[in-house]
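Notes follow once the structure below has been shown.
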Amino acid sequence: MSEPGTTGPLALDAEGLYAELLRGVRAMATPATQIVGIASGGAWLAQRLAQDMGLKAGVISSAMHRDDFAQRGLASSAQTTLPFEVNGAPLIVVDDVLYTGRTVRAVLNELFDYGRPANVKLAVLVDRGGRELPMQADFCAARIVLPAHQSLSLARSDAGQLSFKLETR
């Protein structure tokens, strides 16, 4: 682990966890399923999942529906882009790290601005605990415990290689 105030890589195999995520998403998907990634780490995962599964991927932003806007401010993230009809579609929302549940709540509000899906499932690379809202992933590749003063995020190299970054505040 890192010293307070430092940033560094985490000894957690993101590529190995991606393979597990792919297996889990394939098991949940139907021929009609659409994949939606939460900007930014979830969008990277959704794009790769869609490529590996021969599907299209959408990107969804939580920025406009955050309930903690006063604390976080407007984060620069991708705009919502859904290249498919949301109404009646079974959706799998993908994120890199599930923590408080606030991002998932905001994303669900954003999704329903585009229509009413048949159902929505959540797949995450890592569940780090610390929920503030009653959100649970239908599939997660790994569960870890981190103290509240640490944050975990997915990083992607120019070559598309996935890794994790652990930051201590």
Side-chain angles (χ1 to χ4, degrees), residues 9-62 65 77-78 80-112 114-146 150-157 159-167:
L10 180 66
L12 196 58
D13 179 11
E15 287 295 332
L17 291 178
Y18 171 78
E20 187 66 17
L21 181 68
L22 176 59
R23 185 193 62 74
V25 169
R26 276 189 172 137
M28 289 191 303
T30 68
T33 298
Q34 303 292 340
I35 297 178
V36 180
I38 299 174
S40 63
W44 298 337
L45 293 168
Q47 290 166 353
R48 193 158 157 190
L49 287 164
Q51 181 180 4
D52 289 345
M53 296 173 66
L55 302 172
K56 288 183 183 174
V59 175
I60 193 154
S61 171
S62 65
H65 292 281
S77 69
T80 296
T81 307
L82 301 172
F84 45 77
E85 180 63 40
V86 170
N87 279 320
L91 303 177
I92 297 177
V93 173
V94 181
D95 202 8
D96 54 352
V97 180
L98 178 58
Y99 181 32
T100 64
R102 293 186 180 282
T103 298
V104 174
R105 187 212 51 84
V107 160
L108 290 174
N109 285 343
E110 176 82 358
L111 248 178
F112 279 86
Y114 287 83
R116 186 177 186 274
N119 60 63
V120 180
K121 295 184 180 188
L122 177 63
V124 299
L125 204 56
V126 175
D127 181 343
R128 63 158 291 172
R131 217 72 76 241
E132 295 174 3
L133 298 174
M135 300 290 175
Q136 178 176 312
D138 295 285
F139 181 85
C140 78
R143 295 182 198 285
I144 65 170
V145 176
L146 290 175
Q150 291 183 320
S151 66
L152 180 67
S153 60
L154 189 65
R156 183 175 69 168
S157 72
Q161 190 77 8
L162 301 173
S163 62
F164 286 104
K165 292 204 87 161
L166 180 68
E167 295 183 27

Any sub-3.5 Å donor-acceptor pair from Arg156's side-chain atoms to Leu45's backbone N or O?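 No.
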So does Leu146 get a backbone contact from the side chain of Arg128, meaning a donor-acceptor N/O pair under 3.5 Å?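 Yes, Arg128 side chain to Leu146 backbone: donor-acceptor pair under 3.5 Å.
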Kindly give the heavy-atom pair with the smallest separation between [X] and [Y], and that separation in Å.
| X | Y | result |
| --- | --- | --- |
| Leu154 | Ser163 | CD1-O, 3.3 Å |
| Ala89 | Gln34 | CB-CG, 4.3 Å |
| Ala118 | Pro90 | CB-N, 4.1 Å |
| Ala141 | Leu17 | CB-O, 3.5 Å |
| Gly115 | Asn87 | CA-OD1, 3.3 Å |
| Arg105 | Leu133 | CB-CD1, 3.9 Å |

With sequence neighbours excluded, what pairs up with Arg143 under the side-chain hydrogen bond (donor to acceptor under 3.5 Å, both in side chains) test?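 With neighbours one apart ignored, the set is Asp127.
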Partners of Tyr18 by side-chain hydrogen bond (donor to acceptor under 3.5 Å, both in side chains), sequence neighbours excluded?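 So Tyr18 forms a side-chain hydrogen bond (donor to acceptor under 3.5 Å, both in side chains) with Asp52.
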Quick one, [X] and [Y] - any side-chain contact, counting heavy atoms below 4.5 Å?
| X | Y | answer |
| --- | --- | --- |
| Met53 | Ile35 | yes |
| Leu21 | Val94 | yes |
| Leu49 | Leu22 | yes |

Run the side chain to side chain contact (heavy atoms under 4.5 Å, CB included) test on Val93 and Val104 for me, step by step, so that the C-alpha distance in whole Å, both residues' side-chain angles and the decisive distance to 0.1 Å come before the verdict. CA-CA 9 Å; Val93 173; Val104 174; over 6 Å; no
Sequence-distant partners of [X], side-chain contact (heavy atoms from CB on, under 4.5 Å), two or more places apart:
| X | result |
| --- | --- |
| Ala19 | none |
| Tyr114 | Thr80, Leu82, Val86, Glu110 |
| Ala57 | Ala46, Ala50 |

If you round to the nearest 0.5 Å, how far is [atom2] of [Y] from [atom1] of [X]?
| X | Y | atom1 | atom2 | result |
| --- | --- | --- | --- | --- |
| Leu152 | Ile144 | CG | CD1 | 5.0 Å |
| Leu98 | Leu122 | CG | CG | 6.0 Å |
| Asp95 | Ile60 | CG | CD1 | 11.0 Å |
| Ser153 | Leu166 | OG | CG | 8.5 Å |
| Phe139 | Met28 | CZ | CE | 7.5 Å |
| Leu91 | Asn119 | CG | CG | 7.5 Å |

Flag yes if more than 12 heavy atoms outside Glu132 fall under 6.0 Å of its CD atom; otherwise flag no.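 Enclosed.
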Could you give all pairs that pass the salt bridge (charged side-chain N to carboxylate O under 4.0 Å, His left out) test and reach residues 14-41, with sequence neighbours left out?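 Residue pairs with at least one partner in residues 14-41: Glu15-Arg48, Glu20-Arg23.
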Checking Val126 against Asp96 for the side chain to side chain contact (heavy atoms under 4.5 Å, CB included) test, could you report, in this order, the C-alpha distance in whole Å, the side-chain angles of both residues, the deciding distance, and whether it holds? CA-CA 6 Å; Val126 175; Asp96 54 352; over 6 Å; no
